[in-house]
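See structure below.
Throughout, a chain's letter reflects where its sequence line sits, starting with A, and its residues are numbered from 1. Note that the coordinates shown come from a computational prediction; the quantities given were computed from them, not determined experimentally.
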Protein chains: 2
Amino acid sequence: MAEATGPARSQPATLSDVARLAGVSIATASKALNGRSQVRAETRQRVVEAAERLAFRPNQVARGLLAGRTGTVGLLTSDLEGRFSIPILMGAEDAFGAGEVAVFLCDARGDAIREQHHVRALLGRRVDGLIVVGSRTDPRPSLGRELPVPVVYAYAPSEDPEDLSIVPDSVGAGRLAVDHLLACGRTRIAHITGDPGYAAARERAEGARAALADAGLTLVGEPGFGAWSEGWGRAATAMLLDRHPEVDAVLCGSDQIARGVMDLLRERGRRVPEDVAVMGFDNWRVLTSASRPPLTSVDMNLEQVGRAAAHALFTAIAGTRRSGVEALPCRVVIRGSTVPLT
Amino acid sequence: MAEATGPARSQPATLSDVARLAGVSIATASKALNGRSQVRAETRQRVVEAAERLAFRPNQVARGLLAGRTGTVGLLTSDLEGRFSIPILMGAEDAFGAGEVAVFLCDARGDAIREQHHVRALLGRRVDGLIVVGSRTDPRPSLGRELPVPVVYAYAPSEDPEDLSIVPDSVGAGRLAVDHLLACGRTRIAHITGDPGYAAARERAEGARAALADAGLTLVGEPGFGAWSEGWGRAATAMLLDRHPEVDAVLCGSDQIARGVMDLLRERGRRVPEDVAVMGFDNWRVLTSASRPPLTSVDMNLEQVGRAAAHALFTAIAGTRRSGVEALPCRVVIRGSTVPLT
DNA sequence: AGCGTCTCTGAAAGCCTTTTCTGTTTCTTT
DNA sequence: AAAGAAACAGAAAAGGCTTTCAGAGACGCT
């Protein structure tokens with residue numbers, strides 16, 4: 001808890017310090033360190049040694065000012081808390097972090113005003129580009145076409161088709177899920193999912209229905225739209241068993257719902273997966289591996305979405321911009337809650 | 001999916017553009033926009049209008065180069081994925097975001113090499129300070145005393161007592177938890193917790209024991225160290241009920257463990273909270289509110305830890321540095337799983 | 001010896017802003 | 001009306017780096 005006024009920390013060495021120590025001009029020092037070819041090997045050696053002795057690190061701020069590119073991007077998320085932003089953010093951080101790019105993180109807390117504020121602040125810092133990460137897959141307002149830097153939208157697509165958006169393929173995910181259940185020999189498949197106000201819920205249901213139709217089947221009952229909660233999973237399952245006791249698989253709109261579904265199935269004496277297969281969505285580890293049996297779930301490959309967004313931003317900064325909504329495939333992670341009928 | 005080489009985006013306006021449009025010198029324009037007093041009101045007006053017309057935003061990069069301070073800090077996390085980093089990160093982002101500071105996010109993925117790499121990159125960008133966020137409360141190696149900028153450690157304290165670390169008060173949290181159970185009239189309290197390799201597990205147990213001792217009581221059985229999982233919660237509870245059927249409260253080391261504990265209690269016919277009160281740790285919403293009944297849990301106030309770290313970094317940058325480990329109090333969030341004995 | 005050709009090196013400009021200092025104008029005051 | 005004070009405007013430097021251009025020295029050739 002000691003308190004003290006900080007000592008004058010030694011300023012980092014500058015290029016001119018290095019040049020002085022090496023006995024050359026600033027220009028030569030710069031060229032030597034940057035691998036330019038107009039420096040004699042011996043001179044370069046001297047400069048490199050001097051730089052090492054002084055622990056010289058070029059000032060990226062000065063470099064950015066000169067080059068007009070700062071090597072920074074802004075990552076604008078609308079809810080850090082949410083479990084969807086994080087993997088995307090990791091993917092993006094990953095794709096950038098490897099190279100020479102640093103990421104400014106800004107959380108707008110879902111507030112448009114704050115978002116504008118952050119955009120302005122980031123532009124003031126001369127970021128080379130922006131990634132906007134949403135918390136749900138419903139389209140969101142564009143930041144506008146007039147920005148001086150490229151923008152890529154991830155997870156939540158922009159409403160403007162001129163923008164580039166990278167999203168998980170929800171329809172395809174619904175198909176994948178049903179295909180897996182069909183492959184397990186299930187044919188009486190019900191769907192219990194979340195809030196119909198979410199595009200993700202509607203699109204997954206649509207995909208599921210399409211895959212069933214392709215197999216000449218239909219859903220057991222109507223898609224059970226409700227809430228993204230365990231409670232709803234239980235309630236919907238109770239109704240389902242009353243009306244359609246023949247059901248042999250339940251595709252759930254989220255892992256949370258799936259947990260509720262499994263709980264109630266067990267309560268009613270149905271075995272999972274022997275009598276009824278259960279499948280979740282989101283592949284949220286805490287839930288999938290803690291449930292009994294472990295839950296088969298659809299993973300949206302969000303890290304990959306983040307990486308793809310970062311990569312697209314890269315190429316856009318380099319001059320090649322795309323537009324439209326690009327949907328990336330999801331994948332099924334198979335665990336104990338779905339097994340082939342014997 | 002249209003593809004096109006981007007149009008030459010109009011470069012952002014510079015101060016000299018503004019000055020030219022307003023018909024004044026660059027110096028005057030700067031003074032006018034920064035509220036310096038040596039400008040006639042009328043002139044200032046002209047400049048302000050010109051700046052507005054050109055949507056002028058001062059280049060923070062240039063400003064940073066000149067001022068020697070960039071108004072940026074580095075946030076170094078060791079696992080973004082982890083649920084502990086995120087709230088801290090939010091708190092820090094919050095404390096900074098309000099002002100003029102932007103945050104560089106770096107994830108070291110728990111790798112010391114990568115961490116060093118990021119530190120170097122951040123110093124090259126001339127950040128004004130660093131916050132290092134850990135994923136568990138065990139002490140971690142210091143980044144060293146020789147860094148040119150202040151560093152604050154959050155959640156995981158530095159091994160070097162000369163560094164400043166902000167952590168949640170785990171011992172105090174253990175006391176708080178037991179005090180709450182005592183206040184509910186419980187006296188036969190057991191403790192089932194996670195991996196004893198974690199300081200958090202040991203310290204919470206220590207605090208719990210101390211609070212019981214203050215009340216002239218002891219734990220029922222030994223603290224049940226094991227794993228941070230539902231499975232362990234179930235297993236430990238089974239043993240507990242066999243050996244100490246008189247137990248009337250279980251303090252759990254995490255919400256996940258608590259869920260396992262509650263499951264098994266229900267299976268064995270014990271009612272929660274009537275027969276046995278159950279309390280968790282971490283206050284992880286998905287788990288606490290989805291469980292039946294909703295789970296009372298200890299919240300580590302991580303956002304506050306983040307904010308405190310940001311604030312401490314602020315004052316350190318301003319010149320007043322502290323050192324040592326500062327522990328912030330936790331709080332009990334009461335829900336249905338703990339009620340007073342009637 | 002003189003010329004052209006390379007190969008190195010260094011001076012200087014430029015990136016954008018802030019700040020200091022100097023110079024000019026305007027207003028008071030005697 | 002003259003002198004001094006105050007108010008305002010602008011030139012220039014600084015911050016650290018890269019890059020261009022010109023100059024200097026070394027070398028080979030006729």
Next item on the list: Specify the separation, in whole Å, of atom CG of A:L65 and atom P of D:dA14.
Entry: 17 Å
Notebook entry, point to check: Counting any heavy atom closer than 4.0 Å, what does B:T14 reach on the DNA or RNA strands: base, sugar-phosphate only, or nothing?
Noted result: sugar-phosphate
Item checked: Bend angle of the helix from C:dA1-D:dT30 to C:dT30-D:dA1, end axes from five pairs each (to 10°) -> 60°
Notebook entry, point to check: Would one find a side-chain N or O of A:R36 under 4.0 angstrom from OP1 or OP2 of D:dT18?
Noted result: no
Note to self: Judged by each residue's nearest nucleotide on DNA chain C, which is more toward the 5′ side, B:K31 or A:R46?
What the structure shows: A:R46
Check: Does B:T28 put a side-chain nitrogen or oxygen below 4.0 Å from OP1 or OP2 of D:dA9?
Finding: no
Notebook entry, point to check: Heavy atoms, side chains only, cut-off 4.5 Å: are B:F104 and A:T72 in contact?
Noted result: yes
Next item on the list: Nearest whole angstrom, please: distance from the C1' of D:dA26 to the CZ of A:R40.
Entry: 10 Å
Notebook entry, point to check: Whole Å only: how far is the CZ atom of B:R63 from the P atom of D:dG15?
Noted result: 18 Å
Check: Expressed in angstrom and rounded to an integer, what is the separation of B:R44 atom CZ from D:dA7 atom C1'?
Finding: 13 Å
Checklist line | Pairwise distance CD(A:Q45) to CZ(A:R40) - rounded to 0.5 angstrom | finding: 13.0 Å
Margin query: If I take atom CG in residue A:L33 and atom P in nucleotide D:dC17, what distance separates them, rounded to the nearest angstrom?
Written below: 10 Å
Next item on the list: Assign each of B:R126 and B:S37 to its nearest nucleotide of DNA chain D by heavy atoms, then name whichever residue's nucleotide is nearer the 5' end.
Entry: B:S37
Note to self: Whether B:E100 and B:R63 form a salt bridge (side-chain N of Lys/Arg under 4.0 Å from carboxylate O of Asp/Glu) is what I want to check.
What the structure shows: no
Next item on the list: For residues A:L75 and A:L89, determine if any side-chain heavy atom of one lies less than 4.5 Å from a side-chain heavy atom of the other.
Entry: yes
Next item on the list: Write down the distance between CG (B:L66) and P (D:dG15), rounded to a whole number of angstrom.
Entry: 9 Å
Check: Given D:dG16, is OP1 or OP2 found less than 4.0 Å from the side-chain N or O atoms of A:S16?
Finding: no
Item checked: A:Q38 CD to D:dG23 P, straight-line distance once rounded to whole Å -> 17 Å
Check: What are the bounds, 5' to 3', of the part of DNA chain C that sits under 4.0 Å from heavy atoms of chain A?
Finding: C:dC8 to C:dC16
Notebook entry, point to check: B:S85 and B:D79: side chain to side chain donor-acceptor pair (under 3.5 Å), yes or no, with the steps?
Noted result: CA-CA 7 Å; B:S85 316; B:D79 78 325; 2.9 Å; yes
Notebook entry, point to check: Does a side-chain heavy-atom distance below 4.5 Å link B:D128 with B:T70?
Noted result: yes
Margin query: Check this for me: does any side-chain nitrogen of one of B:R307 and B:E303 sit under 4.0 Å from a carboxylate oxygen of the other?
Written below: yes
Margin query: Whether B:D111 and B:R109 form a salt bridge (side-chain N of Lys/Arg under 4.0 Å from carboxylate O of Asp/Glu) is what I want to check.
Written below: no
Notebook entry, point to check: For A:V61, which contact category applies under a 4.0 Å heavy-atom criterion: base, sugar-phosphate, or nothing?
Noted result: nothing
Margin query: Does anything in residues 19-39 of chain A form a ring-ring contact (aromatic ring centres under 6.0 Å, His included)? List the pairs, not counting sequence neighbours.
Written below: none
